[in-house]
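Notes follow once the structure below has been shown.
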Amino acid sequence: MTALPEIIADWFHGRGWQPHPHQLAMLARAQDAATLLIAPTGGGKTMAGFLPTLAELAATPHDVLHTLYVSPLKALAADIKRNLTGPVAEMGLPIRIEDRTGDTSSTQKRRQRADPPHILLTTPESLALLISYEDAPRIFAGLKRIVVDEIHALAESKRGDQLLLALARLQTLCPGLRRVGLSATVEDPAAIAHLLARHPDPCAILHADPGPPPDIAMLETAEKPPWAGGGAAYAIPAVLEQVKRHTTTLIFHNTRAQAEIFFHNLWLANDESLPIGIHHGSLDRQQRLRVEAAMVRNELRAIVCTGTLDLGIDWGDVDLIIQIGAPKNVKRLVQRIGRANHRYNAPSKALLVPANRFEVVECIAALEAVREGALDGDPRGPGPRDVLCQHILITACAGPFDADALYAEVVTAGPYTGLTRAEFDACLDFCATGGYALAAYDRWRRLLHRPDGLWQLRDPRAATTIRMNIGTIQDTDTLQVRLRRNRGNKPLGEIEEGFAATLSPGDTFLIGGQIVKFEGLREMTVEVSRDARRKPRIATFMGTKFATSTQLSDRILAMFAQASWPQLPAHTAEWLALQREVSRLPRRGRLLVESFPFDGRAHTGFYGFAGRNAQQTLGLLLTKRMEELDLHPLGFVATDYATLVWGLDPVTNPAPLLAADILREGLETWLAGNAVMKRTFKAAATIAGLIERNRPGGRKNGRQATFSSDILYDTLLKYDPAHLLMQITREEALRGLVDFGRIEEMLARVGGRIDHVVLDRVTPLAAPMLLEMGRVPVSGAAEERLLAEEAERMLDAAGLADA
Amino acid sequence: MRQGWQMPERIGCDITLCGARLVALGSGALFWPDRRLLCVSDLHLGKSERMARRGGTILPPYETRDTLDRLATDLERTGARMVVCLGDSFDDPGAAAALREDERLWIARLQAGRRWVWIEGNHDPGPVRLGGEHLAELAAPPLVFRHIAQSSAKGEVSGHYHPKAAVRTRARTVSRPAFLADLGRIVMPAYGTYTGGLRSDDRALDRLMGPEAVAVLTGPVPCRVPMPRFRHPGQDGGATD
């Protein structure tokens with residue numbers, strides 16, 4: 001057991017503080033190989049993680065790197081540096097603390113490699129880059145401890161898988177390395193502990209006092225929520241009123257697009273000119289930094305934000321959280337609520353604002369779940385192999401390696417404990433030769449197997465490109481948006497390339513809270529000018545979309561079965577009653593299908609309540625089947641509770657579309673052509689190193705020199721369907737985006753009991769879907785028909801009809 | 001040369017250039033029925049080999065066979081007796097030299113019984129060690145075939161730019177490789193499997209094409225529209241390859 005050194009005890013005493021019990025418990029376990037601490041925000045979690053480090057460094061001076069701290073956010077690393085440097089200086093400890101992220105200058109980075117600090121604060125990507133250097137053994141020599149902050153967030157993504165592979169590498173370099181994980185409240189702490197510890201080391205789980213239950217309610221508004229939409233504009237006056245009554249309010253949104261719209265509307269209504277900022281991942285970095293700095297100085301009364309502010313950065317005196325839009329997932333809601341009130345033992349205060357009537361139901365269901373402490377979550381599958389391929393390339397950058405030793409190391413990483421040698425060898429072969437069925441270019445392998453048995457890069461210069469492409473974060477291809485006119489024009493942020501492609505000069509859209517007019521594309525930059533007059537379109541941003549959990553979906557269906565809804569506001573109860581009158585309400589044991597015309601196209605909604613991903617898959621399968629039946633589907637949109645399909649011809653009998661064997665057969669074959677698979681492939685191919693996003697020497701080539709990753713997908717599908725990347729693509733799709741299990745579950749629950757209601761107009765329940773983001777177009781015969789129509793129209797208009 | 005030969009079926013979109021009746025196929029090839037001549041541009045054969053050789057990633061090595069496979073289909077369905085490859089047939093001279101033996105034989109089989117012309121491109125400026133004639137350009141009055149368009153040319157068929165065109169329909173924007181045609185010239189889309197495209201509203205293509213230009217989008221049913229054009233002056237176009 002490590003005792004609290006006097007110098008630290010005095011520091012606590014001098015401030016009139018007592019170490020929290022969980023901080024002392026962490027100190028007591030300082031010698032353990034791995035420890036996981038579950039604690040709410042504001043519970044002195046960071047200090048708990050670093051206390052053993054401070055104690056060791058206070059007792060025994062150390063002249064090299066002692067502790068590595070990894071967090072999912074650059075900003076968090078910078079924040080921790082601030083919060084740790086103060087106490088360390090006050091204790092008079094000779095400890096150097098530095099951060100190293102994508103924002104650190106190259107001079108500083110070089111110096112850190114030559115002379116590492118005692119405590120280095122970094123991100124998974126910067127750590128992966130560090131282990132790719134040939135001098136990694138020297139940089140990390142003497143490393144004793146690693147602290148992984150917000151591990152619950154990392155555990156849900158490939159960034160976590162990459163980090164844990166890097167830890168396996170570090171553990172080989174520094175055999176005595178001890179690991180600490182810091183996590184918010186999660187439903188399955190044992191799963192996180194399994195990820196954190198070196199397999200098969202044990203990992204103790206410590207729980208801090210969770211504090212008092214949160215003060216959480218739905219926001220009362222004079223105005224009723226609209227029938228449809230995600231903007232929650234109706235709630236602007238009520239939200240402003242709350243902002244006025246509190247010191248600092250965080251206003252969370254589920255998507256960046258919604259945050260943009262809300263901020264725009266909030267600003268229009270802000271007649272007292274309260275200082276309100278916006279913060280999301282697509283905004284220009286300088287703009288984000290300005291907002292963060294203003295928050296720290298307590299200059300902002302409210303910040304409209306997205307998940308980028310989800311994690312535990314200490315941003316000034318936040319005393320209210322407002323969640324706009326239904327929370328989708330109880331666990332995430334609880335973690336967000338924890339953002340308010342960092343004073344320990346004071347209840348966090350939060351308000352939920354449903355964006356439309358359906359979300360009222362979702363919010364009430366979520367509130368009930370929070371009160372019952374019922375968290376939800378789905379276990380992740382085994383570690384993805386595209387991340388492993390990147391790890392192999394990173395390892396090769398650091399120098400020649402032995403395949404047996406690397407395999408032995410990889411299977412100590414939590415996500416990869418089940419990896420077989422054959423799977424590992426396939427990844428190695430992919431890195432070395434491309435792993436194609438057609439053995440090609442023996443001379444141009446990427447990795448060479450040397451006579452001494454070690455593997456190395458054929459061309460050492462390739463290391464530069466590999467390092468430039470480290471990371472697993474999948475931004476979609478984005479283009480920078482800049483204000484035109486004056487040279488050195490001001491960057492505003494980024495929009496998706498796909499969205500940019502739909503813009504014509506003169507179109508307007510919202511970004512960073514302002515309306516801008518599209519002027520043109522200049523190389524890789526979208527040039528815009530200010531334009532306050534027009535009604536804007538909404539830029540689409542890549543954002544993680546979580547599926548409503550099974551638990552929440554079930555709660556909603558249970559609520560629908562009630563004869564009346566005393567727990568719901570009158571307007572929502574009336575809306576459900578209206579839906580029941582006009583059509584029906586979905587029931588757990590039946591499937592409601594509604595067909596109606598809208599905007600010149602035939603629409604059909606399938607209320608499966610299977611969560612966004614499964615409903616998305618259902619959309620793919622249904623449209624594929626409809627294509628076969630000549631119903632000319634054009635596209636679909638999936639929400640958590642339904643799939644809405646539209647096409648040129650109406651669906652008259654849904655039963656044949658929903659036959660389980662036909663859906664299952666579709667799952668086998670639909671993989672062929674759809675956009676979701678291609679998107680999934682692109683992500684996997686980029687992570688695995690087949691597609692290089694960045695090349696030395698700067699900007700992308702002229703457009704005709706590059707070709708779409710869809711072509712690679714189509715080529716592999718045709719000539720090499722069993723290729724590793726195709727396997728990974730299918731696996732990923734089954735795991736995350738496809739979620740066919742929930743379709744099966746829904747079909748079993750429904751058992752063929754389909755209620756098809758044909759109407760002449762949109763129903764109350766269907767209306768919100770017409771405004772959903774994320775519409776998936778379907779390529780098929782309908783596209784040829786549309787193109788022919790449009791061509792005729794254009795030729796007519798141009799007087800070229802019979803030219 | 002007229003032999004009363006008939007196209008087996010309507011397989012493309014007619015384009016008349018300086019009196020020559022041509023057919024733009026949905027595959028991106030251009031057929032001249034009166035001469036039974038099939039023209040394809042920018043095959044970029046061997047692209048994956050060149051990428052691997054230059055230390056890039058190892059792309060799926062199937063683009064050469066895929067491109068040849070589509071070319072074989074077009075030769076079959078048009079009954080072409082002459083083939084003009086309009087330059088950038090190979091991703092570079094090294095890629096031509098490194099063709100697999102089976103792919104080299106395949107090209108030889110396609111060449112059997114046909115006149116075959118390789119036009120020089122900027123990627124493959126010299127002759128390659130393959131059968132067929134190697135020309136800087138081919139005059140076949142009233143047409144001339146060359147890789148890069150020349151200003152104020154008449155009856156010119158060229159490639160190089162990999163044009164594509166985007167059409168906004170009532171449901172969505174459809175963007176595909178496209179032929180661009182005006183009274184004096186046709187710019188061919190790239191035929192190779194691993195090729196990207198340059199939008200027709202790029203400045204370079206806008207400058208090149210006359211005001212009456214049309215775009216023929218490739219795809220299952222080739223589709224002719226007025227060429228989508230560059231709209232705002234005062235900007236540079238994209239780079240060329």
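Lettering of chains follows the sequences in order, A, B, ..., and the numbering in each one begins at 1. For clarity, every value in this text was computed on a predicted model and none was experimentally measured.
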**OP:** Taking all heavy atoms of B:Thr195 and all of A:Ile711, pick out the closest pair and write down the distance.
**Re:** O-CD1, 3.6 Å
Original post:
Can you name the nearest heavy-atom pair linking B:Arg53 to A:Arg458, along with the distance?
Top reply: O-NH2, 4.0 Å
Subject >> Which atoms of B:Ser48 approach chain A - backbone, side chain, both or neither, heavy atom under 4.5 Å >> reply: both
**OP:** Side chain from CB out, backbone as N, CA, C, O: work out which of these in A:Leu716 comes under 4.5 Å of a heavy atom of chain B, or both, or neither.
**Re:** side chain
Original post:
Using non-hydrogen atoms only, which part of A:Arg461 is less than 4.5 Å away from chain B: side chain, backbone, both, or neither?
Top reply: neither
**OP:** Please say whether more than 12 non-hydrogen atoms of neighbouring residues, nucleotides or ligands are located less than 6.0 Å from CZ in B:Arg54.
**Re:** no
**OP:** Residue by residue, scan residues 57-67 of chain B and write down, ordered by number, those that have a heavy-atom distance under 4.5 Å to chain A; if none do, write 'none'.
**Re:** B:Thr57, B:Ile58, B:Leu59, B:Pro60, B:Pro61, B:Tyr62, B:Arg65, B:Asp66
Original post:
Does any heavy atom of chain B fall under 4.5 Å from the side chain of A:Ala685, the backbone, both, or neither of them?
Top reply: neither
Subject >> Interatomic distance, B:Asp69 atom CG to A:Tyr719 atom OH [nearest 0.5 angstrom] >> reply: 5.0 Å
Subject >> Heavy-atom proximity to chain B below 4.5 Å, by part of A:Ala688 >> reply: neither
